[in-house]
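Structure provided below as structure tokens; questions to follow.
Only this structure's heavy atoms are used, side chains among them; waters, hydrogens and symmetry mates stay out.
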Amino acid sequence: TGQADKSSAGDIARMLGGVAVSLQKAALFVLKNYIKLPDYIAQIAFLLKAQEERLRKEFNLPKHNENFVGREIDLVTLEETLAKEKPLVLAAEVGLGGIGKTQIALQYAYRKAEDYNLIWWINCENKTSFSDSYFKLADKLGIILTDEEKTQENALIHRVNIALKHRPGWLLVFDDAQNKESVEGL
């Protein structure tokens, strides 16, 4: 079976041919290390579970969905969009509620956590949850508003955004945003 697994990994690597960086890296890793594909998938699942608690505390991520399967094309598309090394990329997953947009973003955050210095989940369900998410992020960043700033609308959001501009390697996930315009001007 080792030879069959090597040939399967090779087939995967050849088929990907530069399309999806993460899948190509995974296929090459499997090929170079003679790992059976099911063993590799189990290893990745174990690593995700091992880092889940740390990430939930450090990055305020919601609980990882252990039953998440499929949607690889959506995940790879999101990864490729965010890998363009732009200071800010708005990668919007749009669609009806309940089709898995939150789960795709969450799975991406857990899979790619090691690539970021900070990941923060901004709950946009309503103004209160949005403000609370930003207050917690400001606290994480050590931002304290002056008395004058406390009277200004959106001062906290502005200060957080300025702090993030000077801090590379972050990802903000705006969950439940109605549209990109609702967060673009912040």
Side-chain angles (χ1 to χ4, degrees), residues 20-22 47-68 71 73-186:
V21 174
S22 64
L47 291 173
L48 285 171
K49 184 149 180 72
Q51 70 177 348
E52 177 180 2
E53 195 58 37
R54 179 185 65 83
L55 295 177
R56 289 184 66 208
K57 289 178 182 173
E58 188 176 330
F59 293 157
N60 93 322
L61 293 177
K63 184 168 177 23
H64 180 250
N65 181 354
E66 295 178 20
N67 298 316
F68 182 90
R71 308 294 296 266
I73 292 172
D74 294 323
L75 282 165
V76 168
T77 301
L78 183 58
E79 179 182 339
E80 294 295 317
T81 300
L82 294 175
K84 292 185 170 57
E85 295 191 28
K86 295 180 182 176
L88 173 66
V89 176
L90 184 61
E93 285 289 327
V94 295
L96 297 172
I99 64 168
K101 299 178 300 293
T102 294
Q103 291 304 312
I104 290 170
L106 185 59
Q107 185 71 9
Y108 172 84
Y110 274 102
R111 284 188 182 185
K112 302 300 287 180
E114 297 303 317
D115 294 349
Y116 293 97
N117 298 318
L118 173 72
I119 299 175
W120 208 258
W121 202 265
I122 306 291
N123 184 344
C124 299
E125 185 176 349
N126 56 52
K127 268 192 159 198
T128 302
S129 58
F130 177 82
S131 296
D132 185 52
S133 297
Y134 255 92
F135 278 114
K136 289 177 181 174
L137 177 55
D139 185 52
K140 172 82 173 170
L141 296 173
I143 295 172
I144 300 170
L145 295 180
T146 64
D147 289 337
E148 182 182 334
E149 287 174 320
K150 288 177 185 177
T151 65
Q152 299 170 359
E153 186 177 358
N154 294 330
L156 182 73
I157 294 168
H158 180 69
R159 287 281 306 277
V160 166
N161 291 346
I162 288 172
L164 290 174
K165 284 182 184 179
H166 300 289
R167 181 185 181 139
W170 51 267
L171 172 70
L172 298 183
V173 178
F174 292 89
D175 188 35
D176 277 338
Q178 295 302 308
N179 52 52
K180 69 179 187 173
E181 289 78 19
S182 64
V183 294
E184 231 174 14
L186 302 174

(message) Going by side chain to side chain contact (heavy atoms under 4.5 Å, CB included), Ser129 matches just one of Asn123, Asp176, Ile122. Which one?
(response) Asn123
(message) Could you check whether Lys136 pairs with Asp139 (Lys NZ or Arg NE/NH1/NH2 to Asp/Glu carboxylate O, under 4.0 Å)?
(response) no
(message) Once salt bridge (Lys or Arg N to Asp or Glu O under 4.0 Å) is applied, do any residues pair with Asp147, and if so which ones, sequence neighbours excluded?
(response) Lys150
(message) For Asn117, give me all partners under side chain to side chain donor-acceptor pair (under 3.5 Å), at least two apart in sequence or on another chain.
(response) none
(message) If you compare all heavy atoms of Ile144 against all heavy atoms of Arg159, which two are closest, and at what distance to 0.1 Å?
(response) O-NH1, 3.4 Å
(request) Enter the distance from Lys140:NZ to Leu118:CG here, rounded to the nearest 0.5 Å. (result) 7.0 Å
(request) Taking Trp120 for its side chain and Leu172 for its backbone only, find out whether a donor-acceptor pair lies under 3.5 Å. (result) no
(message) Could you check whether any side-chain N or O of Trp121 sits under 3.5 Å from a backbone N or O of Leu106, counting only pairs where one atom can act as donor and the other as acceptor?
(response) no
(request) Given side-chain contact (heavy atoms from CB on, under 4.5 Å), test Ile119 with Trp170 step by step and report yes or no. (result) CA-CA 6 Å; Ile119 299 175; Trp170 51 267; over 6 Å; no
(message) Rounded at 0.5 Å granularity, tell me how far CG in Leu137 sits from CG in Asp132.
(response) 11.5 Å
(request) Give, for atom OG of Ser131 and atom CG of Leu156, the distance between the pair rounded to the nearest 0.5 Å. (result) 8.0 Å
(request) I would like to know whether Leu141 and Arg167 meet side-chain contact (heavy atoms from CB on, under 4.5 Å); could you show each step before the answer? (result) CA-CA 10 Å; Leu141 296 173; Arg167 181 185 181 139; 2.8 Å; yes
(message) Check this for me: Lys165, atom NZ, are more than 12 non-hydrogen atoms of other residues, nucleotides or ligands nearer than 6.0 Å?
(response) no
(request) Quick one: sort the Phe174 and Tyr134 rings into parallel, tilted or perpendicular, breaks at 30° and 60°. (result) tilted
(request) Dump the intermediate steps for side-chain contact (heavy atoms from CB on, under 4.5 Å) on Lys112 and Leu171, then the final yes or no. (result) CA-CA 10 Å; Lys112 302 300 287 180; Leu171 172 70; over 6 Å; no
(message) Would the distance check show the side chain of Thr151 and the main-chain N or O of Glu148 forming a donor-acceptor pair, the cut-off being under 3.5 Å?
(response) yes
(request) To the nearest 0.5 Å, tell me how far His158 NE2 sits from Leu145 CG. (result) 11.0 Å
(message) When you compare the side chain of Phe130 with that of Asp175, does any pair of heavy atoms fall below 4.5 Å?
(response) no
